[in-house]
Number of protein chains: 2
Amino acid sequence: MQASAIRRVRGRVAVLKALAHPVRVQLIEQLSRGERCVCEIHAIVGSDLTTVSKHLSVLKSAGLVSDERRGQQVFYTLLVPCLNSFVECVDAVVSRRLSEALEARGMTLEATKR
Amino acid sequence: MQASAIRRVRGRVAVLKALAHPVRVQLIEQLSRGERCVCEIHAIVGSDLTTVSKHLSVLKSAGLVSDERRGQQVFYTLLVPCLNSFVECVDAVVSRRLSEALEARGMTLEATKR
DNA sequence: GCGATATTTGACATTTTCGCCAAATAGTTT
DNA sequence: AAACTATTTGGCGAAAATGTCAAATATCGC
């Protein structure tokens with residue numbers, strides 16, 4: 001494989017790894033609605049504050065968010081709006097997988113509502 | 001957080017984790033060009049055959065590819081065309097990050113060509 | 001059925017990632 | 001500068017992901 005291809009793969013993996021964690025998915029989801037300070041995010045996702053901070057720094061290292069201090073608080077902003085279309089794609093995979101799993105058992109989504 | 005939100009996050013993470021690996025990124029890239037048998041993929045990516053097989057099964061479990069045996073060979077097909085637009089988004093992040101890193105050193109992409 | 005080729009699976013050591021605690025840093029208020 | 005709030009960082013054990021070897025399974029041609 002060529003050197004440029006190796007770099008391309010590494011770059012993609014760096015971004016994907018940054019996204020592939022439950023807390024970080026929540027962070028992206030929150031930030032897609034607008035900037036938030038760490039304390040707000042902490043209140044929403046519920047994880048330990050230091051854990052949230054570390055996950056935010058992972059997103060920052062990957063170039064997905066930026067941070068800005070204002071007074072005592074640090075606000076994070078999502079830098080990558082195109083992530084939203086990706087999330088839709090991922091959700092489509094998820095829902096397709098779900099309906100196929102149900103079909104395999106002779107069920108439908110309707111049948112699961114009680 | 002609501003139960004539906006938890007499921008949504010878990011689903012997204014399952015797909016993202018499946019994507020976040022160098023070998024699997026290569027597999028997706030190859031399969032985006034058309035179906036391939038395991039032996040072809042093995043020849044292209046170079047990793048151990050059993051490793052390739054396991055990574056393919058990870059993609060399959062995530063619902064991203066399907067497999068079909070024809071004779072002695074098993075062919076894998078990419079099920080998620082929308083992944084391509086996502087990859088473009090990821091690449092955009094990567095290249096932006098690269099150019100910013102260069103700017104921070106007072107360089108440009110042109111200046112790096114020798 | 002037997003040997004050859006293609007692929008998957010199980011087991012296991014190694015590496016990576018994660019979460020939480022304690023401690024450090026930054027800014028505000030008094 | 002001391003007290004207080006907000007956030008980050010270092011360290012470390014626990015959990016998850018990874019790669020490889022050996023063995024199992026599947027299909028084909030003889």
Side-chain angles (χ1 to χ4, degrees), chain A residues 1 6 9-31 34-78, chain B residues 1 6 9-28 30-31 34-79:
Chain A
M1 197 168 53
I6 293 174
V9 169
R10 282 194 188 151
R12 287 178 184 172
V13 170
V15 173
L16 286 165
K17 278 195 175 182
L19 293 173
H21 187 282
V23 170
R24 296 196 291 267
V25 165
Q26 288 177 268
L27 299 182
I28 294 287
E29 187 170 37
Q30 286 305 318
L31 295 177
E35 70 168 18
R36 299 272 189 280
C37 73
V38 180
C39 51
E40 285 174 312
I41 297 172
H42 170 226
I44 294 173
V45 310
S47 301
D48 187 273
L49 176 61
T50 74
T51 299
V52 170
S53 176
K54 278 188 179 171
H55 284 301
L56 282 167
S57 86
V58 171
L59 293 180
K60 184 182 168 187
S61 300
L64 298 173
V65 303
S66 65
D67 60 342
E68 179 188 347
R69 177 177 280 273
R70 283 185 226 136
Q72 290 173 287
Q73 301 174 329
V74 177
F75 290 83
Y76 280 81
T77 306
L78 187 63
Chain B
M1 195 169 54
I6 293 174
V9 169
R10 282 196 187 149
R12 286 178 185 173
V13 170
V15 174
L16 286 165
K17 279 195 176 183
L19 292 173
H21 187 282
V23 169
R24 296 197 291 266
V25 165
Q26 289 177 267
L27 298 183
I28 294 287
Q30 286 304 318
L31 294 178
E35 69 169 19
R36 300 271 190 281
C37 72
V38 179
C39 52
E40 284 174 312
I41 297 172
H42 170 226
I44 294 174
V45 311
S47 300
D48 188 272
L49 175 61
T50 74
T51 299
V52 171
S53 176
K54 279 189 179 171
H55 284 301
L56 283 167
S57 85
V58 170
L59 293 179
K60 185 183 167 188
S61 300
L64 298 174
V65 303
S66 65
D67 60 343
E68 180 188 347
R69 178 178 280 274
R70 282 186 226 135
Q72 291 172 287
Q73 301 174 330
V74 176
F75 289 82
Y76 280 82
T77 306
L78 186 63
L79 291 177

If the sugar-phosphate is the primed atoms plus P, OP1 and OP2 and the base is the rest, what is the B/S/- string for nucleotides 11-19 of chain C, using protein heavy atoms under 4.0 Å?
B-----SSS
List the protein contact pattern of nucleotides 24-30 of chain D with one symbol per nucleotide (5' to 3'): B for base contact, S for sugar-phosphate-only contact, - for none; contact means a heavy-atom distance under 4.0 Å.
--SBS--
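If you measure from atom NE2 of B:H42 to atom P of C:dT8, you get 12 Å, rounded to the nearest angstrom. In this structure, the CG atom of A:L16 is 16 Å from the P atom of D:dA17, given to the nearest Å. If you take CG of B:L27 and P of D:dT18, they are 12 Å apart, rounded to a whole angstrom. Between the CG atom of B:L49 and the P atom of D:dA22 there is a distance of 15 Å, given to the nearest Å. Rounded to an integer number of Å, the gap from B:F75 CZ to C:dT8 C1' is 17 Å. The separation between A:K60 atom NZ and D:dT7 atom P is 14 Å, rounded to whole Å. Rounded to a whole Å, the CG atom of A:L59 is 12 Å from the P atom of D:dT8. One can place CG of B:L56 at 7 Å from P of C:dT8, the figure rounded to the nearest angstrom.
The structure places CG of B:L59 at 7.5 Å from CG of B:L31, a figure rounded to the nearest 0.5 Å.
Of the possible polar contacts, none joining the B:R36 side chain to the B:L27 backbone as a donor-acceptor pair under 3.5 Å is found. Using modelled atom types, one side-chain atom of B:S61 and one backbone atom of B:S57 make a donor-acceptor pair closer than 3.5 Å.
Two residues are said to be in side-chain contact when any heavy atoms from C-beta on lie closer than 4.5 Å; A:E29 and B:R12 meet this criterion. Looking at heavy atoms from C-beta onward, B:L56 lies out of side-chain contact with B:D67 at the 4.5 angstrom threshold. Two residues are said to be in side-chain contact when any heavy atoms from C-beta on lie closer than 4.5 Å; B:V45 and B:T51 fail this criterion. Within the 4.5 Å cutoff, no side-chain heavy atoms of B:L79 are placed close to those of B:L64.
Residues A:V9 and B:P22 come closest through the heavy atom pair CG1-O, 3.6 Å.
For D:dA6, neither phosphate oxygen OP1 nor OP2 lies less than 4.0 angstrom from any side-chain nitrogen or oxygen of A:Y76.
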